[in-house]
There are 6 protein chains.
Amino acid sequence: MFKHDKNLLEMVRVERPNPTYAAMLTEQLGGPHGELKAAMQYISQSFRIKDPMIKDLFMDIASEELGHMEMVATAVNLLNGHEVDAQSVQSGHIESHVVTGLNPYLSSASGAPWTAAYVDVTGDLPADLLSNIAAEQRAKVVYEYLHRQINDRHVRRMIDFLLNREEAHNTLFREAFTKVQNTGSNMDWGVDKDARLYFNLSKPGKYFDLSSPQAPSFQNPDQTSPQN
Amino acid sequence: MFKHDKNLLEMVRVERPNPTYAAMLTEQLGGPHGELKAAMQYISQSFRIKDPMIKDLFMDIASEELGHMEMVATAVNLLNGHEVDAQSVQSGHIESHVVTGLNPYLSSASGAPWTAAYVDVTGDLPADLLSNIAAEQRAKVVYEYLHRQINDRHVRRMIDFLLNREEAHNTLFREAFTKVQNTGSNMDWGVDKDARLYFNLSKPGKYFDLSSPQAPSFQNPDQTSPQN
Amino acid sequence: MFKHDKNLLEMVRVERPNPTYAAMLTEQLGGPHGELKAAMQYISQSFRIKDPMIKDLFMDIASEELGHMEMVATAVNLLNGHEVDAQSVQSGHIESHVVTGLNPYLSSASGAPWTAAYVDVTGDLPADLLSNIAAEQRAKVVYEYLHRQINDRHVRRMIDFLLNREEAHNTLFREAFTKVQNTGSNMDWGVDKDARLYFNLSKPGKYFDLSSPQAPSFQNPDQTSPQN
Amino acid sequence: MFKHDKNLLEMVRVERPNPTYAAMLTEQLGGPHGELKAAMQYISQSFRIKDPMIKDLFMDIASEELGHMEMVATAVNLLNGHEVDAQSVQSGHIESHVVTGLNPYLSSASGAPWTAAYVDVTGDLPADLLSNIAAEQRAKVVYEYLHRQINDRHVRRMIDFLLNREEAHNTLFREAFTKVQNTGSNMDWGVDKDARLYFNLSKPGKYFDLSSPQAPSFQNPDQTSPQN
Amino acid sequence: MFKHDKNLLEMVRVERPNPTYAAMLTEQLGGPHGELKAAMQYISQSFRIKDPMIKDLFMDIASEELGHMEMVATAVNLLNGHEVDAQSVQSGHIESHVVTGLNPYLSSASGAPWTAAYVDVTGDLPADLLSNIAAEQRAKVVYEYLHRQINDRHVRRMIDFLLNREEAHNTLFREAFTKVQNTGSNMDWGVDKDARLYFNLSKPGKYFDLSSPQAPSFQNPDQTSPQN
Amino acid sequence: MFKHDKNLLEMVRVERPNPTYAAMLTEQLGGPHGELKAAMQYISQSFRIKDPMIKDLFMDIASEELGHMEMVATAVNLLNGHEVDAQSVQSGHIESHVVTGLNPYLSSASGAPWTAAYVDVTGDLPADLLSNIAAEQRAKVVYEYLHRQINDRHVRRMIDFLLNREEAHNTLFREAFTKVQNTGSNMDWGVDKDARLYFNLSKPGKYFDLSSPQAPSFQNPDQTSPQN
């Protein structure tokens with residue numbers, strides 16, 4: 001069950017309204033690499049996880065992503081200002097000014113409504129963890145793009161916080177991956193000859209051949225230099 | 001911020017796997033009147049609410065809907081059984097058997113991915129409350145349809161619980177509406193003559209004329225004397 | 001069957017082209033609370049209605065919404081001007097300038113194509129009427145937002161007309177609701193104890209308890225004194 | 001403006017309920033080549049048409065398509081039967097049994113909600129007419145597929161009627177095309193050398209070269225001998 | 001199987017970055033009449049074609065459309081410039097600046113993600129060819145609109161090339177149509193009386209009656225004189 | 001530019017038609033982890049890649065995915081059989097039988113049309129490679145699920161081939177990742193304290209703390225011992 005604490009995970013402020021940036025920031029609320037996607041992906045994946053520690057990890061992070069979603073939405077709301085005025089948005093979606101009465105809108109920055117098509121779930125733990133590692137990496141990149149395009153120091157600080165939290169989640173998912181990397185879809189890699197061929201279909205140019213294919217895996221923290 | 005309690009809001013069990021019913025029940029996870037929609041709608045509407053009691057109400061219910069979502073997803077997961085087998089689904093979507101590895105899928109019963117197009121937010125409190133009252137009423141109806149089509153007594157009990165909770169939310173939103181019904185989009189009803197005309201455009205037949213138009217309003221259950 | 005009368009329901013003019021406002025107004029053509037949605041919702045709901053008066057009401061209003069759609073589209077067309085020029089749109093979708101040759105486009109103001117996901121139908125009359133009441137209320141709110149953002153007096157007059165008609169529809173649906181409020185999903189309200197509990201899941205803060213829950217219902221204007 | 005006549009364009013009956021066929025027939029209600037698409041396409045295209053005869057043609061056909069939509073929806077409604085029962089649907093969408101209370105649903109046969117992405121509008125008359133000719137041809141084909149898969153003689157008769165009407169519309173759009181074929185995007189065909197080249201990119205095999213490219217055009221039935 | 005040649009089908013250059021035009025040009029990458037749609041439509045239609053010459057034609061053109069897609073994407077990429085800066089986009093989607101890191105985005109100019117709903121396939125050759133003729137005609141019109149709105153001479157040249165190629169494809173599909181016009185859905189046209197009636201449903205005004213209905217067909221350029 | 005070779009990348013046969021399995025296999029044609037998605041993702045990501053070897057790799061694999069798409073579509077086409085018959089599909093989408101005339105359909109197994117929302121592009125090489133590694137892993141899992149649910153030995157062999165090729169791609173993307181892992185979004189990992197905290201938001205239970213966070217990275221197969 002979920003409980004709500006009226007305190008935000010981290011305080012959110014803005015220096016001043018900025019409806020254009022509100023539209024841009026909407027990307028991380030309702031876009032493909034945004035907070036709603038992250039929360040829904042981890043919750044959806046959690047149901048068949050047997051290992052209680054990994055299941056706990058998924059729900060810890062999913063819950064935090066819901067809190068991030070609330071933070072991003074709070075910032076969008078503040079940036080939207082005080083009067084509906086679609087023309088105050090220089091580019092990006094204008095739904096907040098024609099429909100939501102300045103409330104945040106669950107869409108991309110350009111107004112495409114959030115869709116569960118963004119959510120990747122396979123029930124195979126190595127695959128789901130790789131999906132999550134990739135999702136967190138993409139979320140970080142989007143926050144970097146957004147960070148570069150705003151001067152508001154409060155907003156930058158919020159983005160800094162969120163970006164670093166995605167990094168933390170990424171590290172955690174990576175650590176969980178090392179635990180399960182010899183299971184499920186990661187087993188028996190490169191056994192079949194078709195898994196060891198390179199098809200050179202874009203010419204001219206050639207990349208390289210596959211000699212000893214390896215399943216995706218992260219440095220083994222026990223055997224290589226310590227990552228902790 | 002959101003916190004997760006590993007206990008479900010109410011225990012969920014099933015008598016036996018039932019992949020067809022799992023697909024059907026998916027409707028209330030990722031369909032237009034399902035739990036994700038409800039949670040997202042109330043959270044999205046909450047940001048600009050000034051009245052702390054009403055804001056609290058929205059977040060109490062939104063949190064509960066997240067808990068409902070978890071219950072429905074848990075039931076879908078249990079009903080999906082133990083082996084991917086798309087042909088065990090007699091009708092309805094088969095994504096759990098070809099993609100999600102028996103995890104629940106955020107779609108309608110027929111496999112249309114959840115979309116934020118389901119979420120109604122206007123920032124006008126009377127309009128948003130009417131949207132919520134209608135949404136809860138529709139959710140109840142869908143649960144009634146689902147209840148009729150399953151014999152599993154555990155599933156029926158869960159549906160009973162959820163159906164009654166939607167009724168409770170409905171009642172609460174209705175009560176909140178009575179507090180705000182003389183504000184926002186509910187004010188000055190029927191002032192203009194165009195708001196008092198009936199256009200008889202489907203013939204033959206005629207419904208009736210508008211004489212003294214009234215804004216939507218609810219009876220005060222304690223007094224049935226005029227509210228306010 | 002539907003017949004078309006080449007006269008608009010009400011004449012539509014604009015003072016001058018305004019491609020940005022054309023994009024904004026598109027919201028009420030192809031957005032979630034727009035005219036196409038209203039028409040499709042009422043038509044879709046009408047098929048199983050037995051009461052001939054209520055069925056007539058639904059088709060009278062559905063037909064009028066088709067006429068509204070034509071009016072809004074006519075205004076968008078006039079506002080789009082005479083030359084495709086995407087840069088004349090300051091914000092909002094630009095499809096009229098790259099695809100439709102200045103014809104209106106069935107999307108939100110930001111260019112998300114209209115989807116039947118906007119249409120709410122349950123076949124339960126109390127639920128469908130509450131959906132319609134809420135839909136009309138949202139349509140009114142969107143027209144209010146659009147009205148504030150344009151000075152063109154002809155466009156304002158058209159919006160005034162449409163806004164008042166949505167109010168009239170709302171009143172009529174409300175009146176129909178009073179007739180059916182003791183049927184279908186509105187019966188036996190609050191019988192189960194779960195329908196009478198309040199779950200305080202957002203803290204700190206508490207709204208209130210449910211004591212004697214009531215189904216959504218409207219004051220019967222003939223029996224109680226007028227509200228307000 | 002649109003007016004509704006309570007008589008259907010042509011009476012609709014079914015021999016008996018057939019929920020599976022109801023799902024299949026839904027394709028022509030809310031699928032890509034269905035009646036809603038046709039109506040919306042012709043209405044959307046009509047706004048900038050100057051020639052009053054052609055504009056009249058578009059609205060005559062658009063209105064008829066709305067009437068077809070009503071007929072198809074009526075048939076779906078009758079075929080859906082009397083009790084929600086998703087398992088009575090052997091294949092195809094089950095939304096009528098979990099959400100719409102046996103009302104028709106605006107989607108494909110498999111439950112993908114109707115989207116305005118189906119609607120083709122360019123504002124160029126030759127292009128729009130070719131789109132309509134193609135759309136009517138596709139609609140006919142879908143009706144042929146549906147005709148083959150049902151024995152109910154009333155349903156077959158309805159499909160016969162609709163199929164033939166699409167043929168009539170097709171003929172009319174073709175005739176309109178002959179009038180405008182020397183205008184807009186159909187002018188100056190094959191002037192540039194790039195318009196006269198054949199790129200043989202799929203090998204082995206070669207189709208043929210372009211010698212004297214011709215714009216799409218139809219035989220004028222009054223001037224040439226019947227084709228074939 | 002598909003092979004990639006690192007040379008573009010035709011060299012692509014731009015005079016200077018133009019992020020607004022990049023957004024506009026995105027329409028022909030991921031919009032309803034864009035290159036991805038064309039490629040996917042012809043590939044999807046090809047599978048059941050028996051006639052090897054026509055099948056070859058479809059795959060020749062499909063392959064070329066993939067090459068067009070690459071050209072348009074290359075242009076969008078160059079026009080996007082060197083720094084993510086959503087505000088450099090005056091109107092149109094901003095996804096390249098918040099998500100894709102200046103890479104092209106598979107959407108309409110306004111940011112609606114590409115959907116297979118754009119792809120028309122019926123397996124009936126006359127219908128599919130008419131769909132393709134219409135699709136090519138629409139593609140040409142969109143390129144005309146885009147051509148008018150840019151001064152960059154390199155971009156104009158690319159658009160000229162693509163526009164003329166669509167014309168060539170159109171001519172080829174038209175020629176293929178003449179070969180199959182007496183087959184499939186084009187046979188037995190106007191046999192039923194319902195296919196020969198005109199319903200005058202939009203009033204006042206009347207277009208004309210159907211006397212001798214003709215199936216869509218094109219003049220055979222080898223047998224008739226060139227169409228005026 | 002793309003060229004098509006009429007030979008399939010690998011021959012495709014089926015033992016016998018199987019319309020239900022055709023619907024299921026559609027998942028890898030037009031579903032979220034299918035071949036179209038893979039091809040579009042790698043093409044979309046390639047435009048800003050500077051390193052010619054990595055760019056070559058992306059286009060080699062993208063081209064192969066187009067060839068996989070053709071193989072899967074060929075199999076779907078053969079499995080669809082010879083007569084449109086929606087009831088021969090026990091579960092899954094029925095569009096091939098009501099619309100496409102037995103041609104393959106670009107959708108999920110349940111009929112949700114393919115959407116570019118499936119395509120992940122950020123322009124940051126570590127993020128894009130992690131997205132591709134995860135995408136290939138998911139594709140493998142889906143093929144495993146599909147393999148388990150069919151006895152047709154030709155189809156199983158095709159799936160084996162495709163599954164192993166995805167493994168090969170995965171290995172190659174992993175190798176490319178080792179080359180770029182100290183660049184872009186992978187740099188300066190865990191510098192900020194927020195990137196080193198664990199938020200225990202799901203209770204009871206706790207996973208573990210982050211001490212020395214590491215960016216996602218893969219063992220260099222040339223330098224470390226094989227990962228057991």
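In what follows, every chain begins at residue 1, and chains take the letters A, B, ... in the order their sequences are listed.
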Run through E:Asp128, E:Leu129, E:Ile54 and flag the one making a side chain to side chain contact (heavy atoms under 4.5 Å, CB included) with E:Phe173. E:Leu129

Could you pull out the closest heavy-atom pair between E:Pro113 and E:Tyr118, with the gap in Å? O-OH, 4.5 Å

Under 4.5 Å heavy-atom distance to chain A, tell me which part of E:Gln90 shows up: side chain, backbone, both or neither. backbone

Rounded at 0.5 Å granularity, tell me how far [atom1] in [X] sits from [atom2] in [Y].
X: E:Leu25; Y: E:Gln149; atom1: CG; atom2: CD; result: 11.5 Å
X: E:Leu9; Y: E:Thr74; atom1: CG; atom2: OG1; result: 11.0 Å
X: A:Asp152; Y: A:Tyr21; atom1: CG; atom2: OH; result: 9.0 Å

Given heavy-atom pairs under 4.5 angstrom as the criterion, report whether the side chain, backbone, both or neither of A:Glu27 touches chain E. side chain

Could you check if a side-chain atom of E:His169 sits within less than 4.5 angstrom of a side-chain atom of E:Glu64, using non-hydrogen atoms only? yes

In terms of heavy-atom pairs under 4.5 Å, which option from E:Asn7, E:Val84, E:Thr20, E:Asp85 contacts chain A the most? E:Val84

Look at E:Ala86, E:Ser110, E:Gly111, E:Ser88 and state which one has the largest set of heavy-atom pairs under 4.5 Å with chain A. E:Ala86

Just so I understand: if I count every heavy-atom pair under 4.5 Å between each of A:Ala117, A:Ala112, A:Ala23, A:Ala109 and chain E, which residue has the most? A:Ala109

Take the angle between the ring planes of A:Tyr42 and A:Phe58 and call it parallel below 30°, perpendicular above 60°, tilted in between. perpendicular

Of all the residues in residues 132-148 of chain A, which have a heavy atom that comes within less than 4.5 Å of a heavy atom in chain E? A:Val142, A:Tyr145, A:Leu146, A:Arg148

Neighbour count >12 (heavy atoms, 6.0 Å) for atom CD, E:Glu83: no

